[in-house]
Amino acid sequence: MRIEKRLLARVEGTAQLELVWENGRIRDARVRIPSSRGIERVLEGRPFMDALVITPRVCGICGHAHLMACVKALEDAIGHVRLSQKAKLVRDITLMVEMIQNHIKWFYLFVMPDFIRLGEKLDEFEPFRGKRWKEAISVASEAIKVIAIFGGQWPHSSYAVPGGITSNFTSTDVSKALALVSRVEGFFLESLVGMPVEAFLSLRKHGSWEGLKGDVKLFIDLCFKYGLERVGMSYGRLLTGGEVFPCITPGHFTGEKKLCSLNISKIREADGSPYSGAKRVRYNGMPYETGPLARQFLSGNPFVKRLHKMYGDSYMVRVLSRLLEVWELTSTVKEKLTSLYSFIKEPSCQIPFQKPERITGEGVGIVEAARGTLIHRVSIEKGVITRYHIITPSVWNLGPRCEKYLGVAEKAMIGLENPIHAEMVLRSFDVCSVCTTH
Amino acid sequence: MNILWIQRLSCCGNTHSLLNCETFDSLLREVSFLFHPSLSAEGEEEVVEDVLKGKLKVDILLVEGAVKVDDERIKELCRMADYVMAVGSCASYGNIPALKDDSVCGLQYRFKEKGGLLGSDFVSKGGLPVINVSGCPAHPEWTAGVIRSLSRGIKPELDSWGRPKEFYSSLTHWGCTRNEYFEWKIEPESLGSKKGCLFYNYGCRGPLTYSSCNVILWNGVNSKTRAGTPCFGCTEFDFPRAGLFETKQFAGLPAELPIGVSKRGYIMLSGIAKVFAPERLKLED
């Protein structure tokens with residue numbers, strides 16, 4: 001028996017993988033996430049509005065999702081907050097755009113270089129030099145401009161506030177945002193799936209993933225070449241907490257046939273373990289995977305449904321779910337932007353005047369972040385935060401084991417024979433250590 | 001120019017911010033990354049070992065994130081590099097990770113105290129103290145701008161907080177589209193308004209913060225204050241202060257006045273401004 005420690009590159013933050021080998025196979029795996037920054041403690045004792053500025057700083061790549069979970073939690077605690085249709089639409093749009101940029105960067109910057117390490121010659125995907133690698137960064141940052149148009153900047157904007165949003169924009173701004181989203185759509189069709197929209201939609205109808213071309217096909221071929229189409233399976237339990245109509249619906253899947261609704265009172269977080277700074281979270285006592293695979297499976301994406309039926313919750317299916325979600329998000333963003341024109345004259349923010357010191361209450365905010373379900377809980381007393389509690393997607397996926405169950409990502413690595421494959425499986429969860437410990 | 005990027009207690013926000021640099025592609029042609037935690041294919045340990053052994057030369061070391069006061073590894077790396085850049089407010093001043101943890105600081109400061117991990121006298125091989133590209137996150141054009149200057153042999157002039165003057169010598173207020181409302185002391189009725197200045201009631205630190213956010217726009221298109229969000233002063237050592245959406249007041253006056261304005265001057269000017277404010281500015285959106 002041999003124990004091997006690997007410090008991971010190409011993840012958000014710092015993570016260490018500890019592998020226990022026996023007879024050439026991984027017998028046990030631990031995901032170690034080091035030091036936390038103590039953001040929950042930083043919030044205690046502050047005026048509640050400060051959370052809108054500090055919680056996005058949990059994460060540099062999904063800070064916007066933290067902002068959205070935070071503002072929902074605050075609105076829940078304040079009570080009776082009404083939002084204009086305009087504010088609702090814009091919040092959904094910016095949240096989804098953050099996911100889109102994450103998925104694109106993740107695939108090209110974090111996933112594809114692993115195949116180069118396995119020995120593939122993929123010049124276009126080579127870090128710092130590859131054409132496609134650079135193109136992905138440029139497309140992602142074009143997409144992010146949509147958030148900046150409505151939110152002032154990205155990363156770390158704080159433009160959602162109880163009662164709405166701070167910005168008031170013109171229809172020209174909306175048109176520009178639409179143009180930026182079209183560029184992402186073009187990239188998806190031309191580079192990722194390699195076909196015109198009609199062809200893609202006709203494949204989508206029946207989930208015929210075998211017909212996809214472009215970089216997605218290249219990825220699928222590489223998975224088959226290296227035997228990654230069936231490895232990396234975990235418990236097969238999937239969970240989605242947030243909702244963005246129509247492309248993301250909440251629910252959970254226990255691994256059997258039926259999709260079930262979600263009861264958030266069954267979500268429990270317990271303290272971590274001696275080896276990881278991360279806590280662990282269970283639904284109904286069980287570990288669950290969250291993220292694009294869960295989202296797209298539960299929302300009935302035809303590609304993901306068929307892929308899941310054939311290969312389960314494998315490495316390949318997990319990565320493809322994230323990629324194919326780009327289309328679902330992009331088309332929903334386009335629809336929402338288009339309908340935004342009719343609400344442009346609505347108020348951006350409307351909140352009944354209340355002195356902050358009169359506000360006492362508890363609230364919860366649930367949203368989907370790029371990596372999965374994100375939950376913020378807040379307690380406010382006379383305008384001051386007395387308790388703030390965050391459950392991030394990475395706590396679901398990368399949290400440590402409990403007495404009964406291994407962590408979701410830990411389980412997925414058992415039995416693998418190649419250390420790079422183990423890293424790849426871990427990376428397929430879109431590892432975010434900065435969120436895991438916060 | 002060899003660049004080494006190291007992360008400590010960070011959110012990776014400065015990395016993702018830099019990826020938004022409008023000319024990132026050409027930056028990659030001008031300099032070469034020995035290692036970047038999010039971008040490199042291979043691991044960090046080998047590269048760092050080679051640097052410490054003197055096999056690899058580091059021209060610019062960039063540190064993202066606050067550091068522990070006993071981080072010998074970073075200290076050693078800083079000694080090996082020609083120039084050391086703290087990218088973002090965590091690496092510059094300690095910021096959020098240092099708020100509740102005494103063992104955490106920035107490279108050459110801990111909030112307003114000079115010293116930090118490297119000590120107040122630290123000067124890198126190239127003859128500069130730590131270059132603080134503060135901001136939460138650092139603006140991509142500032143980070144890229146400093147890298148480009150250094151790679152052309154131009155040493156940035158630094159202000160008293162270690163920040164390159166080129167980006168931090170004017171206030172955030174400069175170029176804000178709400179300036180006219182500031183001058184005439186007109187506040188918005190609520191958040192979400194295109195008009196009105198956020199300094200008077202919503203805690204905007206624009207007139208109290210050094211940054212060029214409204215001159216070199218974010219993502220090339222906007223800024224916080226243009227989007228109706230107050231400036232939170234994230235380039236200053238004391239970010240995040242408590243009460244970020246509030247303007248503290250004494251006897252109807254902001255507790256802190258715009259930098260360089262005397263109390264007497266403020267009272268006189270604002271009284272007059274309010275009375276004579278043009279009608280057109282008083283209209284809501």
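Proteins get letters first, then strands, A, B, ... in listed order; numbering begins at 1 in each.
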Heavy-atom pairs under 4.5 Å with chain A are the metric here; pick the option from [options] that has the most.
| options | result |
| --- | --- |
| B:G13, B:C136, B:A242 | B:C136 |
| B:L99, B:L19, B:D101 | B:L19 |
| B:N20, B:L39, B:L28, B:V104 | B:L39 |
| B:P137, B:S17, B:P97, B:G43 | B:P137 |

Checklist entry - Is there side-chain contact between A:V431 and A:F110, with at least one heavy-atom pair below 4.5 Å? => result no

Among the listed options [options], the residue most often paired with chain B at heavy-atom distances under 4.5 Å:
| options | value |
| --- | --- |
| A:L52, A:D173, A:I54, A:T166 | A:T166 |
| A:G164, A:C432, A:P47, A:P56 | A:P47 |
| A:L109, A:V42, A:V53 | A:V53 |
| A:P155, A:A9, A:C349 | A:P155 |
| A:S157, A:G38, A:S158 | A:S158 |
| A:K345, A:Q101, A:M49 | A:M49 |

| field | Presence of salt bridge, B:E45 and B:R73, under 4.0 angstrom | value | no

task: Answer yes or no: is there an ion pair linking B:E44 with A:R10, defined by an N-O contact shorter than 4.0 Å?
output: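 No, this pair does not count.
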
Exercise. Is the distance between the ring centroids of B:F245 and B:F232 less than 6.0 Å?
Worked result: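 Ring centres of B:F232 and B:F245 closer than 6.0 Å.
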
task: Measure centre to centre between the rings of B:F35 and B:W5, then say whether the value is under 6.0 Å.
output: no

Toward chain B, the part of [X] with a non-hydrogen atom under 4.5 Å:
| X | value |
| --- | --- |
| A:R57 | both |
| A:V58 | backbone |
| A:Y159 | both |
| A:I39 | side chain |
| A:E44 | backbone |
| A:F169 | backbone |

Contact list (residues 59-67 of chain A to chain B, heavy-atom gap under 4.5 Å, by number) returns A:C59, A:G60, A:I61

Against chain B, residues from residues 111-124 of chain A with at least one heavy atom under 4.5 Å, in numeric order, are A:P113, A:R117

Under 3.5 Å, is there a donor on one side chain and an acceptor on the other for [X] and [Y]?
| X | Y | value |
| --- | --- | --- |
| B:R148 | B:T23 | yes |
| B:T172 | B:S211 | yes |
| B:E64 | B:T15 | yes |
| B:N214 | B:S223 | yes |
| A:Q16 | A:K5 | no |
| B:H173 | B:N179 | yes |
| B:W174 | B:S212 | no |

Inset, instruction - I would like to know whether A:L178 and A:S175 meet side-chain contact (heavy atoms from CB on, under 4.5 Å); could you show each step before the answer? - result: CA-CA 5 Å; A:L178 266 167; A:S175 302; 5.5 Å; no

Exercise. Would A:E135 and A:K131 satisfy salt bridge (Lys or Arg N to Asp or Glu O under 4.0 Å), going step by step from the backbone distance to the final call?
Worked result: CA-CA 6 Å; A:E135 196 186 346; A:K131 197 174 143 241; 5.2 Å; no

Checking [X] against chain A: side chain, backbone, both or neither under 4.5 Å from a heavy atom?
| X | answer |
| --- | --- |
| B:C90 | neither |
| B:E246 | side chain |
| B:P37 | backbone |
| B:F239 | side chain |

### Task
Could you walk me through whether B:C213 and B:F167 pass side-chain contact (heavy atoms from CB on, under 4.5 Å), step by step?
CA-CA 9 Å; B:C213 292; B:F167 303 111; over 6 Å; no

Below 3.5 Å, can you tabulate the donor-acceptor pairs from side chains in residues 138-149 of chain A to any protein atom, sequence neighbours excluded?
| unit_1 | atom_1 | unit_2 | atom_2 | d |
| --- | --- | --- | --- | --- |
| A:S138 | OG | A:R183 | NH2 | 3.4 |
| A:S141 | OG | A:I137 | O | 3.3 |
| A:S141 | OG | A:S138 | O | 3.3 |

What verdict does the salt bridge (Lys or Arg N to Asp or Glu O under 4.0 Å) test give for A:R6 and A:E423, after you've listed the backbone C-alpha separation in whole Å, the side-chain angles of each residue and the deciding distance to 0.1 Å? CA-CA 9 Å; A:R6 306 173 77 88; A:E423 276 188 32; 2.8 Å; yes

Taking the six-membered ring for Trp, are B:F33 and A:F128 parallel (under 30°), tilted (30 to 60°) or perpendicular (over 60°)? parallel

Here the salt bridge (Lys or Arg N to Asp or Glu O under 4.0 Å) pairs for residues 229-244 of chain B, sequence neighbours left out, are B:R163-B:E236, B:D238-B:R241, B:R241-B:E256

